[in-house]
Amino acid sequence: AQTVTQSQPEMSVQEAETVTLSCTYDTSESDYYLFWYKQPPSRQMILVIRQEAYKQQNATENRFSVNFQKAAKSFSLKISDSQLGDAAMYFCAYRSAVGNQFYFGTGTSLTVIP
Amino acid sequence: KAGVTQTPRYLIKTRGQQVTLSCSPISGHRSVSWYQQTPGQGLQFLFEYFSETQRNKGNFPGRFSGRQFSNSRSEMNVSTLELGDSALYLCASRIGFQETQYFGPGTRLLVL
């Protein structure tokens, strides 16, 4: 089974600074999708960004961007100009293109310091 | 479009009881997945339903079951509750297997 590893249980960043959250995954598949989800204290899980494995270009959504390294099986999330509202638990997720099941990492709790 | 809704939002039960949780997907979404979220284990996949059929199943005991109705609404049932079943249960829906999942707010279950 695929596994997703987030090695940073907690991270903190100063407001307006940049932070990078790490994610690695293990798979033998060549076609798959990767996601970052954000879960604020209110508990509603929100999609932050999505990356298709067949695309070499890194996905970007406003202040959020990813560094996708397929060979290294790494998928990090960069948050630029951090805002207080970015404080949340961030989950990295893998979706198989074959079975279509989602696999989640254990999450990284991000604190934004004013 | 309304998002994924889950009812109830909070629930307190005692050991040995059973519980049924409900999830209404986003309109037009035919796939519903269920996850158990605990501080120690993160999100663990329970099962996924598509067009009233269970398509995928996680590694949970048979006490956990689910079903999906013709309107895509889904229910999850846990029988003979144990203390370890205390968790946030999240439901997620998507249009089809190739699409992104969208999550509901969750049902927080406390087993005493």
(message) Same cluster or not: Tyr10(B) versus Val78(B), using hydrophobic residues (I, L, V, M, F, W, Y) connected whenever any side-chain heavy atoms lie under 4.5 Å apart?
(response) no
(message) In the structure I gave you, are the side-chain heavy atoms of Thr100(B) and Tyr37(A) within less than 4.5 Å of one another anywhere?
(response) yes
(message) Would you say that more than 12 heavy atoms from the other residues, nucleotides or ligands in this model lie under 6.0 Å from the CZ of Arg15(B), or not?
(response) no
(request) Might you confirm whether atom NZ of Lys13(B) has over 12 heavy atoms from other residues, nucleotides or ligands at distances under 6.0 Å? (result) yes
(message) Please rank Pro105(B), Gly106(B), Ala92(B) by heavy-atom pairs under 4.5 Å with chain A and give me the top one.
(response) Pro105(B)
(request) Rounded to the nearest 0.5 Å, what's the gap from CG on Leu43(B) to CD on Gln39(A)? Could you check? (result) 7.0 Å
(request) Starting at CD of Gln44(A), measure out to CD of Gln6(B) and round the result to the nearest 0.5 Å. (result) 8.5 Å
(message) Nearest 0.5 Å, please: how far is CZ in Phe104(A) from OH in Tyr35(B)?
(response) 4.5 Å
(request) Mind checking the CZ-CG spacing from Phe103(B) to Leu47(A)? Nearest 0.5 Å is all I need. (result) 9.5 Å
(message) Within this structure, what is the CZ-CZ distance for the pair Phe102(A) and Arg94(B), rounded to the nearest 0.5 Å?
(response) 5.0 Å
(request) Tell me whether Phe64(B) is reachable from Leu83(B) by hopping between hydrophobic residues (I, L, V, M, F, W, Y) whose side-chain heavy atoms are closer than 4.5 Å. (result) yes
(request) Check whether more than 12 heavy atoms from other residues, nucleotides or ligands sit under 6.0 Å from atom NZ of Lys55(A), and answer yes or no. (result) no
(request) May I ask you to check whether over 12 heavy atoms, not counting those of Asn71(B), lie within 6.0 Å of atom CG? (result) yes
(request) For the residue pair Tyr103(A) and Gln44(B), establish whether any side-chain heavy-atom pair is separated by less than 4.5 Å. (result) no
